[in-house]
Structure formats: C-alpha cells, structure tokens
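Worksheet: one structure, shown below.
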Amino acid sequence: MKAKYYYLEDKEIGKIKIVPKNGLKNFNIRLKPFDIVTISSPASASQKQIARVIERKKKWILEKQAYNKSIEQKRTVFEHQTTIETFFNQFTIQQNDTDRLRLMGKKPEYVIAVPQKIDIKNPAFQQGIKNIIDFVLEDEASKYLPKRTQELAKQFKFRYNNLSFRNNKTRWGSCSTKGNISLNIQLMRLPSRMIDYVIIHELCHTIHPNHGSGFKKLLYSIMPEAPHIEKEMKNYRTQIY
C-alpha cells in the first residue's frame, strides 16, 4: 500500500511533510504554529517538481515560520496561582507541601498542587500540569460534545458516521471522507459559540469535503455569524491556555 505522506528535509526550512493527493491540480502549502510545513501536491508530482515549488516559495515560508515562532513563544507557562478556565471547571495552580503533583478539590473548582521545593517551570512539571488539565478536558469533552453534535446534526439535518476525540496540537476538528468526525478536547476551553462553529464546520464537511464555495455557502447559511467567529478564533490556540 502506497504511503499517504512522506517527509523531505530542507537546510533552511527543516522537515517538510509532503501529502500527495489524487485529483489535486495545484500545490497547497500549509504553515501553522506548533506544526511542521505541510505541502499537499498532485499525486503525479515528482520530487524535482516539489523541490522547485519549495525553492520558489522559500522566502514566504521562512517569513511565515518566523511569524509562527513568535506565536509559539507565547505557549502557556504554568506558575503559582495561575488560573485556567474550561467550559465547566476552573483550575488554580498552587505550590504547597505536597510530595508530588496532585489534582485536589472537586467540580467546578480544582486545585493542582505542585511541590513547594521544585522548580515549577521545569519542563517535566509543566507537562505534568498540562496532563492533569487534559485529563479533565477529555472527561468534559466525552460528556458534552457527543450530545451537542447530535443536537446540531438533528437541527440542521446532517448525517455523520462516527465521532471521536483527540488532543491535537493544531486542529480543532476534522472530518474524513467517510463522515467520521474528530473533535479536539481543547474545544472545552472555548466559548460555546466557537464550539458550535467547529462542530457545524465539520458537519458541513460531510457534504462538502473541501473549503470551496459550496462549503462556505452552506456554512454561512447556517451560521451567518461564522465569518466573525472565524476572526475571533485566530486569537485562540490549542497550545496556549
């Protein structure tokens, strides 16, 4: 079976993900914070053709990478008394005499206890704090998102196959050509209107798999406020709390 994607390495850009696609006529380059450069190419394109595209677009790619890096540097650093709010809960990080990271309290107000004597900015403890928050986000997502997706699908007469949850670094959601929808558990940190937008966005993909005019016409007919929400969502990142 032919691989769905492969990687190339460029001395200046770094690793580049190449995704050959049947039916694609042009090259599409995607650059997002916290992710590598991804190029969707016509399935018949040779590596020489792809190399020429990379070279032609290199200046733009490097400028975009520099911009993305400025966003990545804003990645949340959890500190003593940091407060994180989710759709249903609130977390406050406190350093005390605990001997290890602990989730304390109960819904809707949790305390993440961190040992007093450690460096809270240590990457291992930063990841440990994030893991605790993600554990609760996954629980919130499993209880809220299936019901909300069913409600919106019924209201606007959509049909989808399966619904799953992931903890992706960049995408809020996705929909396969078979109608399988995947939603990011980090949605539970967004306002309800944005959660609805992502769900409806993916439901529209069950009819229109791309972002062409048919997709936009359908999405905006259901959510006239979608263009405004799309601008708002540019201020939210899955890795910035």
Side-chain angles (χ1 to χ4, degrees), residues 4-5 17-35 37-45 60 64 68 71 86-88 137-138 140-240:
K4 293 183 178 180
Y5 58 86
K17 184 178 181 180
I18 309 298
V19 186
K21 292 188 176 181
N22 292 321
L24 196 64
K25 295 182 179 180
N26 300 310
F27 292 86
N28 296 322
I29 303 175
R30 187 174 74 245
L31 295 95
K32 292 185 176 182
F34 306 104
D35 203 1
V37 177
T38 300
I39 299 179
S40 298
S41 70
S44 60
W60 175 79
K64 187 69 173 177
N68 287 346
I71 294 175
T86 70
F87 198 71
F88 292 112
L137 286 173
E138 188 170 1
E140 290 187 24
S142 66
K143 291 177 179 176
Y144 177 78
L145 295 179
K147 181 180 178 182
R148 187 57 181 155
T149 302
Q150 289 173 2
E151 290 173 346
L152 291 171
K154 182 178 180 180
Q155 181 179 351
F156 298 109
K157 297 179 173 56
F158 285 107
R159 289 186 179 182
Y160 61 95
N161 190 15
N162 294 319
L163 178 66
S164 61
F165 307 108
R166 296 185 181 180
N167 190 12
N168 291 329
K169 288 184 178 181
T170 56
R171 292 187 177 186
W172 294 108
S174 63
C175 180
S176 74
T177 55
K178 294 182 179 179
N180 295 320
I181 293 175
S182 176
L183 298 176
N184 196 324
I185 64 172
Q186 301 298 328
L187 284 170
M188 302 313 297
R189 295 191 288 105
L190 301 185
S192 59
R193 67 185 180 280
M194 294 185 183
I195 296 176
D196 282 357
Y197 166 82
V198 173
I199 293 173
I200 292 173
H201 181 113
E202 302 310 334
L203 287 171
C204 287
H205 276 316
T206 63
I207 296 175
H208 298 284
N210 54 40
H211 291 109
S213 58
F215 169 84
K216 291 181 180 179
K217 183 177 180 180
L218 177 61
L219 174 61
Y220 295 168
S221 69
I222 294 171
M223 292 190 80
E225 69 276 27
H228 176 71
I229 295 175
E230 289 166 353
K231 290 180 181 179
E232 277 191 290
M233 290 195 68
K234 292 181 179 180
N235 296 318
Y236 291 80
R237 306 284 176 180
T238 61
Q239 299 297 302
I240 301 175

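Counting begins at 1 with the first residue of the sequence.
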I'd like to know if the side chain of Asn161 reaches the main chain of Asn180, judged simply by a donor and an acceptor atom lying under 3.5 Å from each other, with no hydrogens or angles considered. no
Indicate the atoms forming the closest heavy-atom contact of Cys175 with Ile181, along with that distance. SG-CG1, 4.0 Å
Counting only heavy atoms not in Asn235 (residues, nucleotides, ligands), do more than 12 fall under 6.0 Å from its CG? yes
When you compare the side chain of Ile29 with that of Trp60, does any pair of heavy atoms fall below 4.5 Å? yes
Give me the atom names and distance for the closest heavy-atom approach of Ala43 to Pro20. CA-CB, 4.0 Å
Does His211 have any side chain to side chain donor-acceptor pair (under 3.5 Å) partners at least two apart in sequence or in another chain, and if so, which? His201, His205
Between NZ on residue Lys169 and CZ on residue Arg237, distance to nearest 0.5 Å: 15.0 Å
Using a 4.5 Å cut-off on heavy atoms from C-beta on, say whether the side chain of Val198 contacts that of Met194. no
Nearest 0.5 Å, what's the CG-CD distance between Leu163 and Gln150? 8.5 Å
Please confirm whether the backbone N or O of Asn168 pairs with a side-chain atom of Asn184, one donor and one acceptor, at under 3.5 Å? yes
Interatomic spacing from CG in Leu187 to CD1 in Ile199 - rounded to 0.5 Å: 7.0 Å
Does some side-chain heavy atom of Leu190 sit less than 4.5 Å from a side-chain heavy atom of Met233? yes
Using 0.5 Å steps for rounding, measure from the CD1 atom of Ile18 to the OG atom of Ser40. 9.0 Å
So does Glu138 have more than 12 non-hydrogen atoms from other groups sitting under 6.0 Å from CD? no
Given side chains that start at C-beta, do those of Lys21 and Asn28 come closer than 4.5 Å, heavy atoms only? no
Sorted by first residue and then second, give each ring-ring contact (aromatic ring centres under 6.0 Å, His included) pair with at least one member in residues 153-194; sequence neighbours left out. none
Just by modelled atom types, is the Thr206 backbone N or O under 3.5 Å from a matching donor or acceptor in the Arg159 side chain? no
Quick check for you: to the nearest 0.5 Å, what is the distance between Ser142 atom OG and Leu137 atom CG? 11.0 Å
For Pro146 and Ala141, which heavy atoms make the closest approach, and how far apart are they? CD-O, 3.2 Å
Start with the C-alpha gap between Met188 and Leu145, add the side-chain angles, then the distance that decides, and say whether side chain to side chain contact (heavy atoms under 4.5 Å, CB included) holds. CA-CA 9 Å; Met188 302 313 297; Leu145 295 179; 3.9 Å; yes
With the side chain counted from C-beta on, respond yes when Ile195 and Phe87 share a heavy-atom pair under 4.5 Å apart, and no when they do not. yes
Among all residues two or more places apart in sequence or in another chain, which pass the side chain to side chain donor-acceptor pair (under 3.5 Å) test with Thr238? none
Contacts of type side chain to side chain donor-acceptor pair (under 3.5 Å), residue Arg193, not counting sequence neighbours: Glu232
Closest heavy-atom pair, Glu202 versus Leu183, reported as atoms and distance to 0.1 Å, is CG-CD2, 4.3 Å
Show me the side-chain donor-acceptor pairs of residues 220-228 shorter than 3.5 Å, one per line, residues at least two apart or across chains.
from, atom 1, to, atom 2, distance (Å)
Tyr220, OH, Glu230, OE1, 3.1
Tyr220, OH, Glu230, OE2, 3.4
Ser221, OG, Lys217, O, 3.3
Ser221, OG, Leu218, O, 2.7

Under the side chain to side chain donor-acceptor pair (under 3.5 Å) test, which residues partner Lys143, sequence neighbours left out? Asp139
Does any non-hydrogen side-chain atom of Tyr144 lie less than 4.5 Å from one of Arg148? yes
I'd like to check Gln186 versus Asn167 (side-chain heavy atoms, cut-off strictly below 4.5 Å). Are they in contact? yes
Distance in Å, Leu219 CG paired with His208 NE2, rounded so as to fall on 0.5 Å steps: 10.5 Å
